[in-house]
Amino acid sequence: MGRQRAFDEDEVVRAAVGLFGGRAYDGVSVDDLVTRLGVHRNSLYKTFGSKRGLYLTALRRHLADDVRPLAEALATATDAAAAVRLITSADLGLLLLAAVERAPADEEVAAEVTAALAAVDEAIADALGIPAPLAAALTAAALGILLRGRPEGIGAALTQRLDPLN
């Protein structure tokens, strides 16, 4: 008979979202996971199979807990400026890192990222009554602001230029 699990899987996954979202997949070692998450190496492998297994679980949690609610909020956006504000105020670190670091090399991550971004684009297109390519461009611009670290004035300047979309 095996030992009882000595950790809360939900808490570990939530903590892994923060760790991978702050340092990316390649920036986090198994030793980092063991130390930061407080999980024994054997327990980590037994529960998640591998570092990648934990990463995929964390990515899916991030998409469910952070990106899906964002898409739901975007579905009620009244104008493009509101959509940009919603996106630039969201915690999307893991999504962005997954898109640039893992998606090009991992088909499963790519599929998750593609589906999440499509949901965001669709919510914007539906809420604002704009074509899908324009909604995707709006999403890309807002994510670009996040990638640049939200430099002062960029979000405001962009939203001022978006008035013709309304």
Side-chain angles (χ1 to χ4, degrees), residues 8-28 30 32-33 36-37 39 44-45 47-150 154-155 158-159 162 165-166:
D8 182 328
E9 188 174 330
D10 192 56
E11 287 179 21
V12 166
V13 172
R14 223 178 283 122
V17 168
L19 195 55
F20 286 123
R23 295 184 17 208
Y25 182 85
D26 287 336
V28 178
V30 173
D32 292 332
L33 292 169
R36 297 282 303 272
L37 304 178
V39 176
L44 184 125
Y45 284 112
T47 303
F48 301 104
S50 63
K51 173 183 162 183
R52 181 179 178 273
L54 174 57
Y55 177 82
L56 286 169
T57 301
L59 176 61
R60 289 177 180 127
R61 170 67 58 81
H62 172 60
L63 299 177
D65 290 354
D66 300 312
V67 180
R68 186 177 303 133
L70 171 62
E72 291 168 0
L74 286 166
T76 65
T78 56
D79 57 35
V84 169
R85 280 191 298 277
L86 284 167
I87 293 170
T88 58
S89 65
D91 178 7
L92 301 176
L94 183 50
L95 174 65
L96 291 171
L97 288 171
V100 298
E101 182 196 32
R102 298 302 307 153
D106 187 320
E107 289 181 18
E108 201 168 353
V109 172
E112 295 286 351
V113 168
T114 298
L117 292 175
V120 169
D121 295 344
E122 183 179 336
I124 292 171
D126 291 348
L128 303 183
I130 60 176
L134 185 54
L138 184 61
T139 301
L143 292 175
I145 292 170
L146 283 176
L147 283 172
R148 293 187 66 168
R150 298 186 207 165
I154 289 180
L158 177 62
T159 57
L162 295 175
L165 293 179
N166 302 324

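Keep in mind that the numbers below use all heavy atoms, side chains included, and drop hydrogens, waters and symmetry copies. Please read these numbers as outputs of a predicted model, since none were measured by experiment.
Each of L63, V17, L19 was evaluated against L94; a single residue qualifies, V17, per the side chain to side chain contact (heavy atoms under 4.5 Å, CB included) test.
Checked by atom type and distance alone, the side chain of R102 never pairs as donor or acceptor with a backbone atom of D106 at under 3.5 Å. Judged purely by atom type and a 3.5 angstrom limit, T47 has no side-chain atom pairing as donor or acceptor with the backbone of L44. For the pair H62 (side chain) and L95 (backbone), a donor-acceptor distance under 3.5 Å is present. Judged by distance alone, the side chain of E112 and the main-chain N or O of L59 form no donor-acceptor pair under 3.5 Å.
Here the closest heavy-atom approach between residue A119 and residue A71 is recorded as O-CB, 4.1 Å. Residues G21 and L97 approach most closely at O-CD1, 3.1 Å, considering heavy atoms.
Taken to the nearest 0.5 Å, the CG atom of L147 stands 5.0 Å off from the CG atom of L96. Here CG of L143 is found 6.0 Å from CD1 of I87. Values are rounded to the nearest 0.5 Å. Here the straight-line distance linking atom CG of L86 with atom CG of L74 works out to 5.0 Å at 0.5 Å rounding.
For the pair F48 and V12, the minimum side-chain heavy-atom distance is below 4.5 Å.
Taking 4.0 Å as the cut-off between side-chain N and carboxylate O, R14 and D65 do not count as a salt-bridged pair. Contact check on D10 versus R61 returns a salt bridge, with a Lys/Arg side-chain nitrogen under 4.0 Å from an Asp/Glu carboxylate oxygen. Of the charged side-chain nitrogens involved, at least one lies within less than 4.0 Å of a carboxylate oxygen, so that R60 and E108 count as a salt-bridged pair.
Taking the six-membered ring for Trp and thresholds of 30 and 60 degrees, F20 and Y25 have nearly parallel ring planes, at less than 30 degrees apart.
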